[in-house]
Enquirer: 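Before I ask anything, let me first share the structure, which is written out below as structure tokens.
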2 protein chains.
Amino acid sequence: MLNYSEIDSILRALVEPTRRQILERLSRGPATVSQLAEPFGMTFAAVLQHLQTLEACGLIRSEKIGRVRTCRIEPGGLAPLADWITERRIPAERHLDRLGQILAETGQSPSKVQDQEKDEQT
Amino acid sequence: MLNYSEIDSILRALVEPTRRQILERLSRGPATVSQLAEPFGMTFAAVLQHLQTLEACGLIRSEKIGRVRTCRIEPGGLAPLADWITERRIPAERHLDRLGQILAETGQSPSKVQDQEKDEQT
DNA sequence: GGAATAGTTAAGCATGGACTTGAGTATTGC
DNA sequence: GCAATACTCAAGTCCATGCTTAACTATTCC
């Protein structure tokens, strides 16, 4: 089973538009904190907080050489969320398949079919 | 290009743990508002607000028959987010591939390779 | 028709998180 | 050494959002 709080921290990181923009910028190549802060109409400190959030949940990685910190995408960072989505899409689609199948076979009312499916929750 | 605010509304919906739990419950089959509210230690009205949020961004669908509203998963609801993730993973991985390739071919320092890649931003 | 049920809406409170300010530290260039 | 650069940290403000309460509507059962 997947780590619940990992998904939580990734979603909390991605929900902020500025952080998504930072990710887009970094997906085109590494950048320093100054370079990342420059295009945004906000303070250096604010961007730094976003970077810390992104790094804390494993979406980016950074390395400080001298006084310069360079940030880059953590390649597998989005994998947990991608997996979470996959896990939630498959049951939903299987459910639909079974529903359609049973309806076609028996011609029962949808409510009766739903009652049947309740019993098979795994 | 993908609709920016669609991703935004989906992420805002998913970031709330209660709403993710509601989705998990619904992925096992349809449920009424009362049924969905029951397991949560919060008021009916609060759960209703979550349901409205989920429906507004296309993650669930609901239908009212008589005085009972039945909710179910909207099968394609997570697709825009899944696509967004895919689009962001591929460039990141391609970048890594190119970096490795160039390093292997030329034996240059990583910083020089990064400078080259900056110029080819599309 | 009237009570019970199922849901809906609006207003207000409380908390979390984004952002700013301002002060501080480490590194580099002269 | 000292000024400039690049970043770091802490405290405080402000606003969005989750939750509650309370009043309301529509439907069903007797």
Side-chain angles (χ1 to χ4, degrees), chain A residues 4-26 29-57 59-72 109 111 114-115, chain B residues 4-26 29-57 59-72 111 114-115 118:
Chain A
Y4 186 79
S5 60
E6 188 180 26
I7 294 297
D8 201 68
S9 65
I10 292 174
L11 284 170
R12 279 210 307 272
L14 289 181
V15 80
E16 164 61 40
T18 306
R19 287 195 286 265
R20 291 204 300 278
Q21 283 181 260
I22 290 173
L23 278 186
E24 312 240 336
R25 166 64 189 82
L26 287 177
T32 68
V33 178
S34 308
Q35 286 169 342
L36 289 171
E38 190 264 322
F40 296 103
M42 69 179 73
T43 60
F44 203 84
V47 172
L48 191 65
Q49 282 169 16
H50 286 311
L51 291 172
Q52 286 164 348
T53 303
L54 286 168
E55 187 156 21
C57 71
L59 289 175
I60 71 171
R61 182 163 38 98
S62 77
E63 186 192 15
K64 192 166 183 178
I65 299 173
R67 63 185 166 179
V68 176
R69 179 172 295 279
T70 302
C71 304
R72 63 197 72 221
S109 77
S111 60
Q114 284 163 23
D115 288 344
Chain B
Y4 187 78
S5 60
E6 187 180 28
I7 294 298
D8 201 69
S9 64
I10 292 174
L11 285 170
R12 280 211 306 271
L14 289 181
V15 81
E16 165 61 42
T18 306
R19 286 196 286 265
R20 291 205 299 278
Q21 283 180 262
I22 290 174
L23 277 186
E24 312 240 335
R25 167 63 190 83
L26 287 179
T32 68
V33 177
S34 307
Q35 287 169 342
L36 289 170
E38 191 265 320
F40 296 103
M42 69 179 74
T43 60
F44 204 84
V47 172
L48 191 65
Q49 283 169 14
H50 286 311
L51 291 173
Q52 287 165 347
T53 303
L54 286 168
E55 188 156 21
C57 72
L59 288 176
I60 71 170
R61 183 164 36 100
S62 77
E63 186 191 15
K64 193 167 183 178
I65 297 174
R67 63 185 167 180
V68 177
R69 178 173 295 279
T70 302
C71 305
R72 66 196 70 222
S111 60
Q114 284 163 25
D115 289 343
K118 260 191 208 164

Enquirer: Over how many whole Å does the gap from A:I22 atom CD1 to C:dA18 atom P extend?
Expert: 11 Å

Enquirer: Look at B:H50 and D:dC19 and indicate whether a side-chain polar atom (N or O) is within less than 4.0 Å of OP1 or OP2.
Expert: yes

Enquirer: Over how many whole Å does the gap from A:L51 atom CG to C:dA18 atom P extend?
Expert: 13 Å

Enquirer: Expressed as a whole number of angstroms, how long is the span from A:Q21:CD to C:dC19:P?
Expert: 11 Å

Enquirer: Report yes or no: does B:R20 contribute a side-chain atom to a donor-acceptor pair with the main-chain N or O of B:L14 at less than 3.5 Å?
Expert: yes

Enquirer: Just to verify, which of B:R19, B:Q52, B:E55 counts as forming a side-chain contact (heavy atoms from CB on, under 4.5 Å) with B:I60?
Expert: B:E55

Enquirer: For the pair made of CE in B:M42 and P in C:dA14, what is the distance, rounded to whole Å?
Expert: 18 Å

Enquirer: Taking side chain as C-beta onward, heavy atoms only, is A:Q21 less than 4.5 Å from A:F40?
Expert: yes

Enquirer: In whole Å, I'd like the distance from the CZ atom of A:R19 to the C1' atom of C:dG17.
Expert: 8 Å

Enquirer: Closest approach of B:T18 and B:E16, non-hydrogen atoms and distance?
Expert: OG1-OE2, 3.0 Å

Enquirer: Specify the residue among A:R12 and B:L48 whose closest nucleotide of DNA chain C lies further upstream toward the 5′ end.
Expert: B:L48

Enquirer: Under 4.0 Å between a side-chain N or O of B:Q35 and OP1 or OP2 of C:dA6?
Expert: no

Enquirer: Do the side chains of A:R25 and A:L36 get nearer than 4.5 Å, heavy atoms only?
Expert: yes

Enquirer: Do B:T43 and B:L48 touch side chain to side chain, with heavy atoms closer than 4.5 Å?
Expert: no

Enquirer: Measure CG/B:L14 against P/D:dT17 and give the value in whole Å, please.
Expert: 15 Å

Enquirer: So, is B:R69 near the phosphate of C:dA6, with a side-chain N or O under 4.0 Å from OP1 or OP2?
Expert: no

Enquirer: I'd like a table of atom pairs between the protein and nucleotides 21-30 of chain D - only N or O on both sides, under 3.5 Å - with the distance next to each one.
Expert:
from	atom 1	to	atom 2	distance (Å)
D:dT27	O2	B:R67	NH1	3.1

Enquirer: First locate atom CG of A:L59, then atom CD1 of A:I10, and finally report the distance between them rounded to the nearest 0.5 Å.
Expert: 5.5 Å

Enquirer: Rounded to whole angstrom units, what separation is found between the CD atom of A:E16 and the P atom of C:dG16?
Expert: 18 Å

Enquirer: What's the CG-C1' distance between B:L11 and D:dT17, to the nearest Å?
Expert: 16 Å

